[in-house]
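Structure first, then comments.
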Amino acid sequence: KPISSEEKDDVLLAERYLRRYYGMPAGLQGERKTSDVMSKKIREMQEFFKLEVTGKLDDDTLEIMEMARCGVPDVAE
Amino acid sequence: YNHFPRDLKWKTTDVTFRILNYTPDLKKADVDRAVRNAFNVWSRVTPLKFKKLYEGNADIMISFGAREHGDFNPFDGPEGLLAHAYPPGNGIGGDTHFDEDETWTKDFHAFNLFLVAAHEFGHALGMAHSSDPGSLMYPVYTYGKGYPLAEDDIKGIQSLYGENPNHGKVNPKPDAPSKCDPELSFDAVTELRGETIIFKDRFYWRLHAQMPEPEQNLIKNTWPEIPNKVDAAYENPEKDFVIIFSGIKMWALNGYNLVDGYPKYIHKLGLPKTVRKIDAAVNIRDTGKTLLFVDEEYWSYDEQTGTMDSGYPRSIEENFPGIGDEVDAAAYHYGYLYFYHDHLQFEYSFASRKVMRIMRANSILGC
């Protein structure tokens with residue numbers, strides 16, 4: 001089904017978050033590849049925050065992403 | 001705790017700082033105090049000494065800026081990103097920037113400058129983010145009073161710089177409790193719409209049927225209004241609320257949301273004024289009664305009429321033989337009461353009035 005605008009907002013939030021704090025590269029090519037990398041980065045983030053590691057943008061993961069926080073990446077480059 | 005790659009740190013214990021500009025949200029003196037106190041947090045446990053410069057180049061250059069502020073690492077407007085700092089090094093190394101689009105305060109309102117500065121100076125000294133939710137170096141902002149370093153932060157900074165030779169022991173914030181610690185005890189246990197919530201110190205675990213592992217969170221992260229220490233909690237599934245007790249006050253939750261009109265005093269339930277704290281609370285779904293445990297006695301509260309039952313308090317030891325004389329937490333499932341005391345859990349049959357099993361308290365956490 002078409003993605004709802006709320007879901008789109010969540011994905012955008014997650015992309016911004018993962019790029020900034022988990023070193024997700026920008027400008028990936030191809031939908032499949034993008035989603036694989038994003039899922040891997042979501043897993044890294046879920047592991048760090050001791051959430052259930054699903055690789056998916058569930059409510060708990062989004063909740064942490066929306067919290068006020070420090071701008072230094074969690075995974076050092 | 002974590003460090004930056006190659007364990008970046010200052011080569012000398014004398015580190016300089018300079019405040020380049022001030023936020024209009026606070027008086028200059030309040031910013032100076034917040035910054036100095038934030039440095040003191042770290043100097044208390046290390047040999048580091050921080051000297052303030054008023055001109056020229058300091059190791060840690062402190063500034064407030066909004067959006068793009070000169071380092072190609074822009075802020076994002078109000079909330080979200082609050083501040084950032086660079087690990088020790090030449091040039092921009094150690095520099096600490098605060099987002100001027102935030103509201104900076106010296107109290108519990110968002111965002112307390114001292115706490116954010118203490119966290120950022122941790123980075124400026126070589127500490128990376130910790131995944132311990134009780135540590136100062138956890139990446140998410142949480143307000144708390146008292147000395148902000150946890151044991152985890154202290155171990156981290158001392159492994160870079162060593163201990164403070166002139167300072168005795170500090171009282172760090174306790175680390176997040178470990179669920180499989182064999183000595184683990186609980187503060188309170190309650191159901192919440194099918195989930196189980198277990199309170200311990202500043203934290204709670206959330207057990208959900210669809211989550212393989214318990215999830216640990218800071219109480220303040222979910223409910224900033226509730227105190228850091230919960231004494232007791234219970235769910236009334238009929239009325240769909242959870243009552244949380246701390247000291248002489250109680251809060252109500254509907255789902256995860258706080259109900260308006262709270263906190264209320266526990267004495268509104270009909271408890272005598274001599275009761276200053278409830279140890280444990282449990283609602284017996286089959287009878288509609290809520291049992292409130294205080295020291296070595298318990299009361300029975302009728303949820304239907306909103307009154308205390310007569311004939312109470314009664315002795316815990318006499319009416320629940322085998323569980324001892326005090327309880328930390330209690331829960332009720334399918335005719336069994338589960339009493340938690342110290343590191344033990346007693347499964348008590350309500351019908352046959354006896355203890356059926358004794359387990360470790362943390363068996364509920366899958367340990």
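Numbers restart at 1 for each chain; the letters A, B, ... are given by sequence-line order, proteins then strands.
- His129(B) places a side-chain N or O within 3.5 Å of a backbone atom of Val72(A) that can act as its donor or acceptor partner.
- Contacts between Asn217(B) and chain A at a heavy-atom distance below 4.5 Å are absent for every atom of the residue.
- For chain B, no part of Tyr17(A) is nearby; none of its heavy atoms comes within less than 4.5 Å.
- Looking at Phe111(B), only its side chain comes within 4.5 Å of chain A, counting heavy atoms on both sides.
- When the candidates His208(B), His84(B), Gln216(B) are compared by the number of heavy-atom contacts under 4.5 Å with chain A, His84(B) comes out ahead.
- For residues 56-67 of chain A, a heavy-atom distance under 4.5 Å to chain B picks out Asp60(A), Ile64(A), Met67(A), given by residue number.
- Here the closest non-hydrogen pair linking Leu81(B) and Gly71(A) is CD2-CA, 3.4 Å.
- Considering every non-hydrogen atom in both Arg20(A) and Pro74(B), the closest pair reads NH2-O, 3.3 Å.
- The interface of residues 47-55 of chain A with chain B, defined by heavy-atom distances below 4.5 Å, comprises Phe48(A), Phe49(A), Lys50(A), Leu51(A), Glu52(A).
- Interface residue Arg206(B): only side-chain heavy atoms are found under 4.5 Å from chain A.
- When heavy atoms are compared at a cutoff of 4.5 Å, Pro87(B) does not approach chain A at all.
- The line from SG of Cys70(A) to CG of Asp99(B) is 11.5 Å long, rounded to the nearest 0.5 Å.
- Neither the backbone nor the side chain of Tyr86(B) comes within less than 4.5 Å of any heavy atom in chain A.
- Looking at Ser130(B), only its backbone comes within 4.5 Å of chain A, counting heavy atoms on both sides.
- Enclosure of atom CG in Asp107(B) by more than 12 non-hydrogen atoms of other residues, nucleotides or ligands within 6.0 angstrom is indicated.
- Neither the backbone nor the side chain of Glu102(B) comes within less than 4.5 Å of any heavy atom of chain A.
- Among the candidates Pro139(B), Pro212(B), Gly80(B), Ala85(B), the residue making the largest number of heavy-atom pairs closer than 4.5 Å to chain A is Pro139(B).
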